[in-house]
Amino acid sequence: MQPASKRTLDHSQQRGKSGLRDPHRRILMRIIFSVTAVTLGLFSSLQFTAGNYWLASLEAFGCLALVVGMFRIGTSPYLRRWIIGYLIPTFSFLVLITVVPKASSTAFVWAYAMPVLSYLLLGKKAGLLLAAPFMFAIAAYHAVMFGDFDDPASLIDLFNPLICGLVILLFIHLYETMRAEAEDELVYHAETDALTGLPNRSRFQATYDRTLEEARRSGIQFVLALMDIDHFKSINDSLGHDAGDIALKTLASCLVQRLRSTDFVGRLGGEEFGLILRDTDMHSAQKLVDELRQRIAAMPIFYAGEKFHLTVTFGIASWPRDSATTTGLYQSADRRMYLGKHRGRNTVVSDDAAEADSQHECQQLRANNAD
Ligand SMILES: Nc1nc2c(ncn2[C@@H]2O[C@H](COP(=O)(O)OP(=O)(O)OP(=O)(O)O)[C@@H](O)[C@H]2O)c(=O)[nH]1
């Protein structure tokens with residue numbers, strides 16, 4: 001079965017893209033923009049001095065666009081468009097200086113830089129799609145212009161740069177494939193709870209923060225549910241730590257199976273789990289969470305020929321009803337979960353009035369737990 005965490009990732013976070021991660025792409029693009037802007041600025045003033053006014057204006061315009069890009073690239077939501085918008089004219093320019101008459105005879109070496117840049121900035125698939133046509137154009141031009149197919153010495157001269165280009169493309173493709181896989185693997189382990197396969201606390205927190213940002217933009221409400229296993233210590237104490245581990249794993253797959261693909265579940269630590277229920281009001285969430293609670297209570301857990309059951313307590317809070325901030329919402333759900341424990345466990349607490357009445361009970365319980 002696919003690991004639980006993979007099935008709970010939202011689309012925006014699914015991995016599969018290769019190349020550098022966005023923050024690194026932005027840094028690299030800013031450096032590339034600034035170097036190109038300085039170069040174009042210099043060339044523009046030289047062309048102006050030489051009297052080539054149209055070329056000077058074109059280069060000055062390019063320089064200006066890049067300066068704007070330097071400021072926008074850090075936060076622009078259209079990073080990919082900026083990259084493509086930069087690479088296509090740059091590669092076209094490199095093809096141009098290769099094919100214009102009396103240009104440098106070694107200008108074709110720029111073709112080797114194309115796959116490096118486009119793979120790093122766009123990833124494997126888009127990188128190949130963008131670099132290959134430009135490299136092919138340069139190779140075709142060389143074959144037509146300098147290939148004397150009757151002269152073996154000329155053919156060797158032609159094949160050397162062609163084969164070198166192919167080798168570079170092939171190795172960058174292989175390297176990027178392996179690098180992207182290794183990075184995905186690392187990120188997966190850094191964000192995943194090893195026992196249950198669920199997203200761990202840091203991944204949950206990142207998703208929770210992002211959900212709130214999205215909810216602020218869209219105005220669509222969501223519910224945060226915190227869940228804690230009841231008397232888990234006694235399971236460990238009576239049946240052993242392995243039985244406790246089996247219980248955690250069984251519980252994790254139950255949560256993943258029951259929730260919608262748009263919802264998100266993570267293990268926050270120990271026997272505590274967090275659930276983000278998107279596009280849901282408090283009434284529907286309470287119904288769903290209570291069904292979940294009953295399902296968990298009825299679910300048999302098998303260990304070493306033994307069958308046992310466990311129960312859980314939920315505290316739930318709704319955005320924006322209970323709080324408009326991540327911290328406030330979390331505190332609200334956490335407070336209610338503690339109240340549920342205090343009221344005898346195996347329950348779902350979402351009631352504000354009851355909560356207000358019992359603030360001091362909760363504080364007392366926390367103090368006891370701290371002791
Ligand atoms: N088997 C197992 N036990 C764990 C793991 N992480 C935490 N625990 C145990 O979970 C237990 C938590 O106990 P408590 O915090 O006292 O909570 P509880 O017994 O569930 O009591 P209430 O929450 O008040 O209902 C401890 O015994 C921890 O050792 C784990 O990964 N595996």
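As the structure lists them, so they are numbered: ligands from 1, and atoms in each ligand from 1.
- The closest side-chain donor-acceptor pair between Arg336 and Ser350, if any, does not fall under 3.5 angstrom.
- Ring planes of Phe264 and Phe204: tilted class, angle from 30 to 60°.
- For ligand 1, the atoms lying closer than 4.0 Å to a non-hydrogen atom of Gly244 are 1 (N).
- Atoms of ligand 1 found under 4.0 Å from any heavy atom of Gly270 (numbered from 1 in listed order, with element): 6 (N), 7 (C).
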For side chain to side chain contact (heavy atoms under 4.5 Å, CB included), just list the numbers for Leu166 and Met135, CA-CA rounded to whole Å, side-chain angles, deciding distance to a tenth of an Å, and then say yes or no. CA-CA 9 Å; Leu166 270 178; Met135 294 178 81; over 6 Å; no
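- In terms of N/O distances under 3.5 Å, ligand 1 is not approached by Leu248.
- Every N/O-N/O distance between Asp230 and ligand 1 stays at or above 3.5 Å.
- Remark: the Thr311 side chain and the Asp230 side chain contain an N/O donor-acceptor pair separated by less than 3.5 Å.
- When Glu271, Lys233, Lys249 are ranked by how near their heavy atoms come to atom 17 (O) of ligand 1, first place goes to Glu271.
- For a threshold of 3.5 Å applied to N or O pairs, the pair formed by Ser234 and ligand 1 contains no separation below that value.
- Residue-level proximity to ligand 1 for Arg267 is carried by the side chain, the only part with a heavy atom below 4.0 angstrom.
- Contacts with ligand 1 closer than 4.0 Å are made by heavy atoms of both the backbone and the side chain of Asp245.
- Below 4.0 Å from some heavy atom of Arg345 lie the following atoms of ligand 1, by number and element: 22 (P), 24 (O), 25 (O).
- A perpendicular orientation is assigned to the rings of Tyr112 and Phe108, their planes being inclined by more than 60° (bins at 30° and 60°).
- One side chain, Asp281 or Ser284, offers a donor N or O that lies under 3.5 Å from an acceptor on the other.
- Using a 4.0 Å cut-off to heavy atoms of Asp228, the atoms of ligand 1 that qualify are 23 (O).
- Using modelled atom types, one finds a donor on one side chain and an acceptor on the other under 3.5 Å when comparing Ser76 with Trp82.
- Near Ile229, meaning under 4.0 Å from any of its heavy atoms, are these atoms of ligand 1: 20 (O), 23 (O), 25 (O).
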Assess the residue pair Tyr86 and Phe33 against the criterion (ring-ring contact (aromatic ring centres under 6.0 Å, His included)); give the C-alpha distance rounded to whole Å, side-chain angles, the decisive distance to 0.1 Å, and a yes or no. CA-CA 9 Å; Tyr86 173 82; Phe33 278 3; 5.5 Å; yes
